[in-house]
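Reckoned from all heavy atoms, side chains included, excluding hydrogens, waters and symmetry mates.
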Amino acid sequence: MKRKLLYLGAFLLGINSLAVAQAANYQDGFFIQNEGWFGYDNGSINWFGNDGSAVYTVEQKENAGDKELLGATSQFGTIYGGKYYALSKMNNQVVVFDAVTMKKEGVVSGISGNVNCIAFASDEKAYISTTNGLFALNLTNNTMADDDLSKTGAAVGFIQRVGNYIFAASESGVILVMDPTDDSIVTKVSTPGNYGFVVSKDGNVWVNCGSSLTRINPVTFETKQFNVSNHLPVVWNPWKTDLLVASQEENALFYGYGGDWSQNKVGKFVIDAEGELTEDSSFSFVMPAGVTESNTQEIYGQIGFEPHSGQLLVLTVQSGWGDNYTHNWIHKVNAATGAIEESVKVASESGKGYYWFAAMPVFTDTQDPELNFGAELVVSKEEPLSISKADFLIDEDNMPALASLSVSVADNTLAEATTDGMAVKVSPLKNGITSLVVTANSNGKEVTKEVPLRITAFGGVEDNLASEFNAYVSGSQIVVSGIADGSAEIYNLSGVLVGKFAVDGETVYGTENLASGVYVVKVSDNSHSKLYKVVIK
């Protein structure tokens with residue numbers, strides 16, 4: 001269940017006052033990564049708890065007050081596998097923290113060019129984009145490879161794993177699609193005028209081309225262009241994440257606009273079942289005024305979609321130059337209507353304004369992914385099985401489209417299993433009972449499930465041979481008959497093996513240790529298997 005962000009501090013005209021306090025751990029809330037005031041201080045990370053507390057420069061407080069920990073201009077941060085990765089353009093270009101305690105675990109420097117973004121291929125390998133291209137990072141020892149994998153030398157900006165591939169936006173006017181198993185470029189999708197991109201809930205990649213969005217199918221790489229009435233900002237020279245973000249609750253995109261250098265509006269696109277894009281006219285965001293009548297607020301930093309609350313986070317400063325940048329706000333916005341539900345005025349520990357230059361929100365990863373297939377899967381020669389990843393992978397912190405998959409069949413003489421990154425496909429070879437093994441890596445958290453798989457309709461011979469098998473419940477026992485020398489396995493509806501016993505003639509199994517509910521009993525001899533559904537009361 002989604003939990004609503006709740007702040008317990010005092011409210012005045014919709015503005016939430018913050019209690020500055022040390023957090024016990026950094027899980028129930030969100031981070032804001034700040035660029036820092038170039039020439040005066042390095043980047044920093046602020047923490048905002050759902051209890052109304054704030055911890056400013058948390059990376060310093062948890063690491064002996066080290067003010068030089070982050071590098072200069074820290075414009076990108078993310079959490080993967082329980083670690084917080086803070087990226088800076090220069091100096092300490094990648095700093096790795098424990099995402100719960102924010103204790104430093106490693107530093108990477110000496111990367112070619114100014115660092116832009118990071119994407120993860122696995123627990124062992126990530127990719128770093130820079131003004132000089134795309135480079136591989138070994139996560140086991142935090143060492144960088146020297147080769148530009150983009151082979152262009154052009155700046156590479158936003159990068160992300162989508163299904164089986166790494167997608168990367170290149171200033172050369174293409175989206176690079178790379179196979180992370182061998183670092184090869186699979187294709188280059190032409191997107192002239194591109195900047196960044198985002199992945200919608202349905203798995204499609206949407207590329208910001210300023211006056212248009214280009215939709216890329218993540219499996220076939222087919223494209224379609226959609227002209228948009230509101231120009232999205234495209235500024236490659238001082239690269240930072242763009243103002244395009246996807247909802248994790250509906251198939252929709254949110255975007256900031258107004259100009260390349262100053263944006264004060266937020267719009268919303270909805271995506272229908274055919275992947276067509278339209279403007280949502282019912283969404284209306286009104287930018288609040290600044291602290292002075294002559295100044296409004298404007299967006300500074302990436303818009304975020306908070307997965308636990310379902311709200312947008314819009315980071316703003318007071319318009320203008322100089323001291324105007326010391327006035328900072330976080331607005332939590334209703335994703336359906338555009339109405340501002342809460343506003344936080346961000347100051348500093350002294351209560352005064354500060355030149356934070358907020359780059360982006362970074363959301364905690366508190367939920368483990370789950371795989372849900374039901375009790376069994378059935379596939380036949382006439383109906384090969386294809387299951388969308390979104391139908392079986394559940395993760396409140398991460399969209400299924402961004403998770404990677406691996407699949408296999410326990411007995412590969414009965415069926416073959418493959419994945420295109422967006423779905424699992426099972427092709428039957430002959431009748432029998434086996435299991436489908438699926439492993440998903442969602443934001444660095446891995447989960448595996450073995451699901452009973454029944455293959456039928458290859459002439460029915462093997463089903464007929466097993467026709468004498470039987471399994472049923474009698475009182476407090478499961479009774480299996482019709483088999484002279486075999487075995488029986490009991491699975492719950494989540495596919496977990498909860499009991500196993502040998503069968504020789506009519507055999508009974510006590511159900512005292514099984515909870516009431518529905519189970520699947522797999523009965524097997526040396527050649528054949530059959531599944532039975534039983535109800536234990």
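- Lys430 places a side-chain heavy atom less than 4.5 Å from the side chain of Leu414.
- A donor-acceptor contact shorter than 3.5 Å links the side chain of Thr419 to the backbone of Gly421.
- Side-chain contact check for Leu429 versus Ile455: every heavy-atom pair is 4.5 Å or farther apart.
- Between the Thr130 side chain and the Ser112 main chain, a donor and an acceptor come within less than 3.5 Å of each other.
- Counted within 6.0 Å of CG on Asn227, heavy atoms from surrounding residues, nucleotides or ligands total more than 12; the atom is thus considered enclosed.
- Of the possible donor and acceptor atoms, none in the side chain of Glu279 sits under 3.5 Å from a partner among the backbone N and O of Ser281.
- The backbone N or O of Gly275 lies less than 3.5 Å from a partner atom in the side chain of Arg215, making a donor-acceptor pair.
- Exactly one of Tyr195, Phe197, Phe158 qualifies for a side chain to side chain contact (heavy atoms under 4.5 Å, CB included) with Asp242. That residue is Tyr195.
- The ring pair (Phe, Tyr, Trp, His ring centres under 6.0 Å) with Phe269 is formed by just one residue from the set Tyr255, Phe283, Tyr257; it is Tyr255.
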Practice prompt. Report the C-alpha distance between Leu243 and Leu232 in whole Å, list the side-chain angles of each, state the deciding distance to 0.1 Å, and finish with yes or no for side-chain contact (heavy atoms from CB on, under 4.5 Å).
Written response: CA-CA 8 Å; Leu243 300 182; Leu232 278 70; over 6 Å; no

Practice prompt. Please report the C-alpha distance between Leu312 and Phe305 in whole Å, then the side-chain angles of each, then the deciding distance to 0.1 Å, and finally whether the side-chain contact (heavy atoms from CB on, under 4.5 Å) criterion is met.
Written response: CA-CA 5 Å; Leu312 293 181; Phe305 184 88; 3.8 Å; yes

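- Contact record, Lys201 with Ala401: O-CB, 4.5 Å, taken as the closest heavy-atom pair.
- In this structure, the ring of Phe285 has its center no less than 6.0 angstrom from the ring center of Phe254.
- The shortest distance between side-chain heavy atoms of Lys188 and Leu176 falls below 4.5 Å.
- With Lys522 contributing its side chain and Tyr491 its backbone, the two residues share no donor-acceptor pair below 3.5 Å.
- Contact between Asn194 and Val174 at its shortest, heavy atoms only, is ND2-N, 3.2 Å.
- Remark: Glu250 engages Lys268 in a salt bridge, criterion side-chain N to carboxylate O under 4.0 Å.
- Heavy-atom minimum distance, Ala145 versus Phe135: O-CD2, 3.7 Å.
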Practice prompt. Show the numbers, then the answer: is there a side chain to side chain donor-acceptor pair (under 3.5 Å) between Thr364 and Thr366?
Written response: CA-CA 6 Å; Thr364 57; Thr366 60; 4.9 Å; no

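- Side-chain atoms of Tyr127 and Asp183, non-hydrogen and from C-beta on, do get closer than 4.5 Å to each other.
- The side-chain contact (heavy atoms from CB on, under 4.5 Å) test applied to Val235 returns Pro238, Asp260, Trp261, not counting sequence neighbours.
- No donor-acceptor contact under 3.5 angstrom links the side chains of Lys240 and Asn116, judged on distance only.
- By the 4.5 Å heavy-atom criterion applied to side chains, Phe226 and Ile271 are not counted as neighbours.
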Practice prompt. Decide side-chain contact (heavy atoms from CB on, under 4.5 Å) for Leu315 and Ile330; before the verdict, give the C-alpha distance in whole Å, the side-chain angles of both, and the deciding distance to 0.1 Å.
Written response: CA-CA 5 Å; Leu315 313 181; Ile330 302 170; 4.0 Å; yes

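- Contact between Glu249 and Gly310 at its shortest, heavy atoms only, is OE2-CA, 3.7 Å.
- One side chain, Asn334 or Glu341, offers a donor N or O that lies under 3.5 Å from an acceptor on the other.
- Side-chain contact check for Glu298 and Ser262: at least one donor-acceptor pair (N or O, by modelled atom type) lies under 3.5 Å.
- The salt bridge (Lys or Arg N to Asp or Glu O under 4.0 Å) analysis of residues 360-375, with sequence neighbours excluded, yields the pairs Asp365-Lys445, Asp368-Lys445.
- Crowding of Lys425 atom NZ: a count of heavy atoms from other residues, nucleotides or ligands under 6.0 Å not exceeding 12.
- A donor-acceptor pair under 3.5 Å links the side-chain atoms of Arg161 to the main chain of Ala121, judged by distance alone.
- Remark: side-chain polar atoms of Ser129 are paired, donor with acceptor, to backbone N or O of Gly157 under 3.5 angstrom.
- In this structure, Arg454 and Val520 have side chains that are not in contact, with every pair of non-hydrogen atoms separated by 4.5 Å or more.
- With Asn164 contributing its side chain and Asp420 its backbone, the two residues share a donor-acceptor pair below 3.5 Å.
- Around CG of Asn237, the count of heavy atoms belonging to other residues, nucleotides or ligands within 6.0 Å does not exceed 12.
- The shortest side-chain heavy-atom distance between Asp148 and Asn132 does not fall under the 4.5 Å cut-off.
- Heavy-atom minimum distance, Val94 versus Leu87: CG2-CG, 4.1 Å.
- The ring pair (Phe, Tyr, Trp, His ring centres under 6.0 Å) test with Trp47 singles out one residue from Tyr84, Phe30, Phe31, and that residue is Phe31.
- Side chain of Gln248 to main chain of Pro307: no donor-acceptor pair is present (N/O by atom type, distance under 3.5 Å, no hydrogens or angles).
- In terms of modelled atom types and a separation under 3.5 Å, the side chain of Asp202 and the main chain of Ala273 share no donor-acceptor contact.
- For the residue pair Leu70 and Asn92, the shortest heavy atom distance occurs at C-CB, 4.3 Å.
- Other residues, nucleotides and ligands contribute at most 12 non-hydrogen atoms within 6.0 Å of the NZ atom of Lys533.
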Practice prompt. Test Ser524 against Ile433 for side-chain contact (heavy atoms from CB on, under 4.5 Å), laying out the working first.
Written response: CA-CA 9 Å; Ser524 309; Ile433 302 292; 5.7 Å; no

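- There is a side-chain donor-acceptor pair under 3.5 Å between Tyr300 and Glu35.
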Item to complete: List the steps and the verdict of side chain to side chain donor-acceptor pair (under 3.5 Å) for Ser74 and Gln33.
Response: CA-CA 7 Å; Ser74 302; Gln33 181 152 327; 4.6 Å; no

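- Between the side chains of Thr131 and Trp239, no donor N or O sits under 3.5 Å from an acceptor N or O.
- For the pair Ile128 and Gln93, the minimum side-chain heavy-atom distance is 4.5 Å or more.
- Shown here is Glu171, whose CD atom has more than 12 heavy atoms of other residues, nucleotides or ligands within 6.0 Å.
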